[in-house]
Amino acid sequence: MTAERADLLVIGGGLGGVSAALAALRAGRSVILTEQYAWLGGQLTSQAVTLDEHTWIEQFGSTASYRGLRDGIRDYYRQNYPLSPAARAQRHLNPGAGLVSRLCAEPRAGVAVIERMLAPYRSSGRLRIVQPAVPVGAAVDGDRVVSVTVRRLDTGETLVLSGDLVVDATETGELLPLTGTEYVVGSESRAQTGEPSAPESADPQNVQAISWCFVIDHVDGDHVIEKPDDYERWRAMQPDFWGAPMMSLTAPHPRTLDIETRTFTPTIDDDPFAAVADQRSDGGDSELWIFRRMLARKTLEPGFLDSDIVLVNWPMIDYIDGSVIDTPDAQEHLDAAKAQSRAMLYWLQTEAPRPDGGAGWPGLRLRPDVTGTEDGFAQAPYIRESRRIVAEYTVVEGDLSIAARGSDAPATFPDSVGVGMYRIDLHPSTGGDNYIDVASVPFEIPLGALIPIRMRNLLPAGKNVGTTHITNGAFRLHPVEWGIGEAVGWLAAFCLDRAMDPRAVRNTPSALEEFQSLLAANGVELHWPDVTGY
């Protein structure tokens, strides 16, 4: 058994883990970073999910390093792809011209940029990446994490890793039970949080759906997969609130809950520069082919690409039959989520209605080269909800909801360590809930939500921060996760430089002011600008 140590130990290489490591490295500290899957980047890469972002992301509302990630993705296309003259002239190039975000791109672009950002620190020896590996145990002394044991998935070797501060950047808060850290999972009751959108009773097994995404294009030929053995089960599945079988193009509208039928047109000949994603006014999913398209053929020179490349991350693959957190049958649910997605692909290839009156698109083809897998499905499931620390401060619906606040002005906190923005957007849940959608304000990220009530050297850097089941719906997206991780990385370095615990930084006014100044000096926006139109 091998033992290794660094200033900061980061378990989980999603966006929060990467940004935490990067900030600590820029502050001069050494880092060990572990990751389960082949690619760093989590929801952007191994989960294959194109960026979900707020309307003002091109102007403000993120950290400088997150802008560096986005600029790097655009540069990746400008430097490596035969862009059309119209695409090359786009200041805010959107390679996929998708309508979920103003920057839709293939996961490998994100991988390339993340690797480039971390490369100098690998070379210097201050960054050690252990991959693929998962945490399997932890040693704790009172309220401090002494070490974390990880198992390599390729060799079976176990390593004992330690750091002065330890970051849980896993997708489901795996370190929380391993270290005995107090946490909440699932939905809290309305009496517990005072939230109007919370249910009457708490339910630890009521979490948002997971989705196993996949990537397709549409070319000549018959690319129909073998009919799944369990296809008829999925074909018949129809939740009470859905209004149609899930194997269809019909589903509730996430904001109105009206039952709506989308279109799906792989042969669509649209202008990729005609529409701009704006989540304030429209979710963008009325035409599913365009919704999460990650590379549009008409952004490239004519004839270079035979088809658009499209991510399938749609309501119809939301898996709601059970939670994968704190349950003995988690693997069964993971397998079932992928099976549901496989059934949806087969339905699209064989039964989906076509504009010509026919059924099925046999030319739909999985793209394993895009996902970095053998089967064309993402390396990892898209996880929307995690265990959440019991924090010094928990963000509740009243902090974010326009209706509850009676104002659309940004939510402010005296201990702000970043900013974020997204509607409170909850997908259907394993407890039988329909979509929950609440118009919300731009918000600051309070340091108190990043500090456990007891543990002194464990910090969260993902969906495991101090939110509720409800407010997690606004905190779970790409730029907020990156911002949380970056704040945690700078905080770790700040604490080590001054021999302070994170809690002391928050609760010592002079230290908090100094830390916030450090963040601002390194490109972290602490407040939303004073503008109209929020």
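Just so it is clear, the model here is predicted, and its values are computed rather than measured.
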Novice: Please determine, by modelled atom types, if Gln47 and Glu171 share a side-chain donor-acceptor pair under 3.5 angstrom.
Specialist: yes
Novice: Evaluate the ring planes of Tyr81 and Tyr77, with Trp represented by its six-membered ring, and classify them as parallel (under 30°), tilted (30 to 60°) or perpendicular (over 60°).
Specialist: tilted
Novice: Taking atom types as modelled and ignoring hydrogens, do the side chains of Arg384 and Ser211 form a donor-acceptor contact shorter than 3.5 angstrom?
Specialist: yes
Novice: Less than 4.0 Å between a side-chain N and a carboxylate O, is that true for Glu157 and Arg151?
Specialist: no
Novice: Between Arg144 and Asp141, does any side-chain N to carboxylate O distance fall below 4.0 Å?
Specialist: no
Novice: Do His478 and Glu53 have a side chain donor and acceptor closer than 3.5 Å?
Specialist: no
Novice: Below 30° counts as parallel, above 60° as perpendicular, anything between as tilted: where do the rings of Tyr393 and Phe413 land?
Specialist: perpendicular
Novice: Is Asp52 salt-bridged to Arg292, cutoff N-O under 4.0 Å?
Specialist: yes
Novice: Is a salt bridge present between Asp164 and Arg5, judged by a nitrogen-to-oxygen distance below 4.0 Å?
Specialist: yes
Novice: Any non-hydrogen side-chain atom of Phe515 less than 4.5 Å from a side-chain atom of Leu491?
Specialist: yes
Novice: Ser65 and Glu486: side-chain donor and acceptor closer than 3.5 Å?
Specialist: yes
Novice: Does the distance from a Lys or Arg side-chain N to an Asp or Glu carboxylate O, for Asp425 and Arg423, drop under 4.0 Å?
Specialist: no
Novice: Do Arg29 and Leu8 touch side chain to side chain, with heavy atoms closer than 4.5 Å?
Specialist: no
Novice: If we count only N and O atoms by modelled type, under 3.5 Å, do the side chains of Thr373 and Thr371 hold a donor and an acceptor together?
Specialist: yes
Novice: For Arg102, is there an ion pair with Glu58 - N to carboxylate O distance below 4.0 angstrom?
Specialist: no
Novice: Looking at His333 versus Tyr319, is the centre-to-centre ring distance below 6.0 Å?
Specialist: yes
Novice: Does the distance from a Lys or Arg side-chain N to an Asp or Glu carboxylate O, for Glu174 and Arg387, drop under 4.0 Å?
Specialist: yes
Novice: Verify whether one side chain among Ser187 and Asn206 offers a donor that lies under 3.5 Å from an acceptor in the other.
Specialist: yes
Novice: So, Asp326 and Tyr183: side-chain donor and acceptor under 3.5 Å apart, yes or no?
Specialist: yes
Novice: Can you tell if the side chain of Asp217 reaches within under 4.5 Å of the side chain of Asp308, non-hydrogen atoms only?
Specialist: no
Novice: Just wondering, do Glu182 and Pro452 contact through their side chains at under 4.5 Å, heavy atoms?
Specialist: no
Novice: Salt bridge between Asp501 and Arg503, side-chain N to carboxylate O under 4.0 Å?
Specialist: no
Novice: Just checking Glu513: does its CD atom have more than 12 heavy atoms from other residues, nucleotides or ligands closer to it than 6.0 angstrom?
Specialist: no
Novice: Considering all heavy atoms of both residues, which atom of Ala474 and which atom of Val480 are nearest to each other, and what is their separation?
Specialist: O-CG2, 4.1 Å
Novice: In terms of side-chain geometry, is the basic nitrogen of Arg67 or Glu525 positioned less than 4.0 Å from the acidic oxygen of its partner?
Specialist: yes
Novice: Parallel under 30°, tilted from 30 to 60°, perpendicular over 60°: which one fits the rings of Phe377 and Phe214?
Specialist: tilted
Novice: Using the rule side chain to side chain contact (heavy atoms under 4.5 Å, CB included), only one of Thr430, Asn472, Val185 pairs with Glu385; which is it?
Specialist: Asn472
Novice: Inspect the contact between Glu392 and Arg506 and indicate whether a charged nitrogen and a carboxylate oxygen are less than 4.0 angstrom apart.
Specialist: yes
Novice: Taking atom types as modelled, is there a side-chain donor on Glu481 or Gln43 under 3.5 Å from an acceptor on the other?
Specialist: yes
Novice: Is the number of heavy atoms from other residues, nucleotides or ligands under 6.0 Å of Glu374 CD greater than 12?
Specialist: no
Novice: Tyr76 ring centre to Arg74 NZ or CZ under 6.0 Å, with the angle to the axis within 45°?
Specialist: no
Novice: Quick one about Gln90 and Asn94 (side-chain donor to acceptor, distance below 3.5 Å, no hydrogens or angles considered), yes or no?
Specialist: no
